Amino acid sequence: MLAYNLIGSSLVALGALSIATMRARANWGSSALDRTTGAQEAVSERAPSPENDGWYHQHGDPSVVELGGSMGPRLIIVSNRVAVPEPGSKQMAGGLVVAVKAALRNRTGVWFGWSGKIDETETAEPRTIERNHITYAVIDLSKNDFEEYYNGLANRVLWPILHYRVDLQEYSRADHSGYMRVNRLFADKLSAFLREDDVIWVHDYHLMPLARELRIRGRLNPIGFFLHIPCAPLDILRTLPHHDEILGALTDYDLVGFQTENDRDNFAAYLSTAPGVKKGRGLTFEVEGRQTRIGAFPVSIETATYARLARKAARSPFAKEIRESLTGLRLVLGVDRLDYSKGIVQRINAFDRFLEVNPEWRSRVTLLQIAPRSRSAIIDYAAIENEVTTLIGRVNGRYGEAFWTPIRYINRFHSRTALSGIYRAADVALITPLRDGMNIVAKEYVAAQDPENPGVLVLSQFAGAAAELTGALIVNPHECDAVAAALKRALGMPLFERRERHGPMLEHLLVHDIDQWAESYLAALAETRQRPGLMSELRAFLSPSRSRTDRRATPEVRRQA
Ligand code: F6P
């Protein structure tokens with residue numbers, strides 16, 4: 001209780017100092033677009049006032065205030081999609097899900113976001129579900145919101161731009177307004193149950209303006225943001241129309257985290273040229289007296305748990321079936337969401353080249369490409385699916401035999417456990433995105449290997465993971481011959497070299513696992529608000545087991561794996 005009061009009163013003190021600043025900042029970056037579409041008026045309608053604002057509700061709506069526990073600080077995770085575990089259903093395998101769960105482990109918390117459902121009764125209050133000590137609070141979106149916010153600005157504009165594919169962006173003012181509208185909707189729903197000592201952590205490109213919307217509603221809480229996807233260089237970011245309203249709004253967060261130093265530096269370059277932004281000390285930037293810090297926090301996996309899972313899965317009937325189906329063939333594996341950023345077309349071309357120039361490998365190897373469909377309403381996704389299907393048909397037609405299919409292609413979603421067994425069975429993982437924030441498949445593949453007889457990772461230099469997984473064969477996915485040559489080298493690599501490459505990567509991942517990621521981010525978020533001695537309770541809450549960040553891949557830790 002004492003901790004709760006101390007943290008609460010320190011935030012109020014900090015808050016009082018910065019109310020004026022925040023009111024002023026709320027206008028920074030508002031664009032001509034808002035004024036022309038009327039969205040600006042919508043914003044000012046929501047600006048703090050005794051009638052409508054967040055100030056009166058600083059203690060939250062009494063009906064929902066008890067979410068995630070009635071006492072003490074809560075960690076509020078916000079992401080577009082919320083993965084509510086359904087009893088008996090397959091566990092979702094995505095990186096964001098694993099990351100969020102790690103953040104909520106050992107912390108009192110709520111995970112808030114979109115249910116994944118479309119429903120026109122948008123005004124409904126969030127539905128809450130309690131599972132394994134986590135409170136999930138979800139809202140539905142209307143069809144229009146889904147189209148303009150999710151399919152529209154988030155995935156037809158921000159996704160391609162941030163993946164360096166300016167050519168694919170399809171900007172429209174309607175989608176921009178829809179994106180801002182849904183961010184306001186999230187802010188309204190969230191604001192209703194926020195308490196003054198909550199710490200908020202927002203995830204991914206769907207929700208860049210959320211902190212600004214919360215500040216407009218008078219929320220003074222520490223708010224962090226993490227971008228799971230890449231951040232493109234300055235000139236590319238500037239191709240986003242009205243970028244100041246979206247990217248500029250990131251300065252309302254206390255801490256903005258990126259996957260790699262490269263992403264972080266790209267954003268630093270953007271901020272350095274943004275009007276009204278002053279460079280502070282180190283990695284801090286200042287807008288009208290308020291500070292934002294930026295940093296690189298490479299996302300990771302539950303390494304030890306995953307390694308155990310793979311060991312078990314290797315003994316499962318499913319893994320046995322896979323091995324039997326291979327009838328002695330070597331297995332090369334690709335696992336990606338079906339997305340143009342993943343370089344699947346270039347990979348198939350490289351496999352084609354490999355078979356063309358190495359006829360001795362024909363009938364001795366198969367490429368298993370797992371590619372669950374995604375975002376199918378977007379034309380570029382339908383196009384990539386057609387292209388991949390046609391290409392695979394061509395390669396199979398050209399080299400296949402009645403007894404041998406060069407490429408096995410599957411769109412079905414696989415559970416975490418099933419995937420871990422497949423990773424373990426694969427001699428080579430061919431992970432060659434054209435651009436990827438991190439690519440946790442690469443990390444999972446390393447964790448899933450038998451350390452005594454590991455497979456080889458062939459990894460694109462443009463995946464965030466390449467900065468850490470230096471034991472991989474690093475390739476440029478645009479150079480077909482080089483990828484084909486790397487595949488040949490991987491398939492022929494002697495055991496001692498495979499071990500020599502794999503060992504240090506596994507050690508690295510055992511230390512830099514997902515818990516360490518969450519702890520280091522949250523510790524940094526606490527630091528952004530820290531005044532010596534004042535916020536130590538907040539730090540303690542956000543980092544319940546700081547000592548883990550110092551752990552090494554000791555024999556004990558390795559044994560756990
Ligand atoms: O990694 C980026 C990301 O958008 C995550 O936020 C999400 O979990 C994943 O890709 C899948 O995307 P979607 O929710 O659009 O299917």
Side-chain angles (χ1 to χ4, degrees), residues 77-85 90-103 111-118 136 138-141 145-165 168 175 178-179 182-183 186 201-208 210 225-232 257-260 263 297-301 335-343 370-382 384-385 411-414 416 419 431 433-444 462-465 514 517:
I77 300 278
V78 191
S79 65
N80 170 52
R81 245 183 238 281
V82 174
V84 183
K90 288 178 184 172
Q91 197 183 346
M92 278 176 73
L96 190 141
V97 176
V98 175
V100 167
K101 291 210 160 144
W111 186 359
F112 173 80
W114 175 41
S115 61
K117 297 195 178 103
I118 309 289
Y136 299 85
V138 293
I139 55 169
D140 302 333
L141 290 181
D145 285 346
F146 172 69
E147 192 41 50
E148 292 177 351
Y149 148 82
Y150 174 80
N151 279 336
L153 198 94
N155 286 319
R156 279 201 194 94
V157 181
L158 292 176
W159 179 273
I161 290 179
L162 291 167
H163 284 87
Y164 299 55
R165 292 299 305 269
L168 296 182
D175 289 348
Y179 179 82
V182 173
N183 271 270
F186 267 55
W201 191 2
V202 179
H203 290 258
D204 238 352
Y205 59 102
H206 314 85
L207 299 169
M208 288 182 173
L210 188 60
F225 178 85
F226 185 77
L227 185 65
H228 288 256
I229 67 174
C231 183
F258 296 90
Q259 295 278 23
T260 65
D263 298 314
F297 303 88
V299 83
S300 195
I301 58 165
V335 178
D336 315 81
R337 240 176 356 88
L338 192 42
D339 190 297
Y340 49 80
S341 64
K342 302 294 183 181
I370 299 179
R373 290 192 185 90
S374 110
R375 305 174 193 164
S376 320
I378 298 171
I379 196 149
D380 298 314
Y381 287 79
I384 195 77
E385 181 172 357
N411 294 125
R412 194 175 323 123
F413 165 82
H414 286 72
R416 232 160 85 82
L419 273 183
I431 301 179
L434 304 180
R435 189 63 61 176
D436 215 334
M438 176 51 61
N439 198 303
I440 63 148
V441 168
K443 292 188 171 181
E444 286 174 347
F462 304 118
I514 194 66
W517 170 79

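The structure displayed is predicted, hence computed values, not measured ones. Read the numbers this way: they start at 1 and go in the same order the structure lists the ligands and their atoms.
Under the ring-ring contact (aromatic ring centres under 6.0 Å, His included) criterion, Tyr205 pairs with Trp159, sequence neighbours left out. Partners of Asp336 by salt bridge (Lys or Arg N to Asp or Glu O under 4.0 Å), not counting sequence neighbours, listed by chain and number: Arg347. For His203, the ring-ring contact (aromatic ring centres under 6.0 Å, His included) test picks out Trp201, His228, with sequence neighbours left out.
Between Phe226 and Trp517, the ring planes are perpendicular. Angles over 60° get that label, and only those under 30° would be called parallel.
Among protein residues, Arg81, Leu96, Tyr150, Trp159, Asp204, Tyr205, His206, Ile229, Arg337, Arg375 come within 4.0 Å of ligand 1, judged on heavy atoms.
Phe258 has its ring centre no less than 6.0 Å from the ring centre of Phe297. Within the 6.0 Å centre-distance limit, the rings of Tyr150 and Trp114 are counted as a close aromatic pair.
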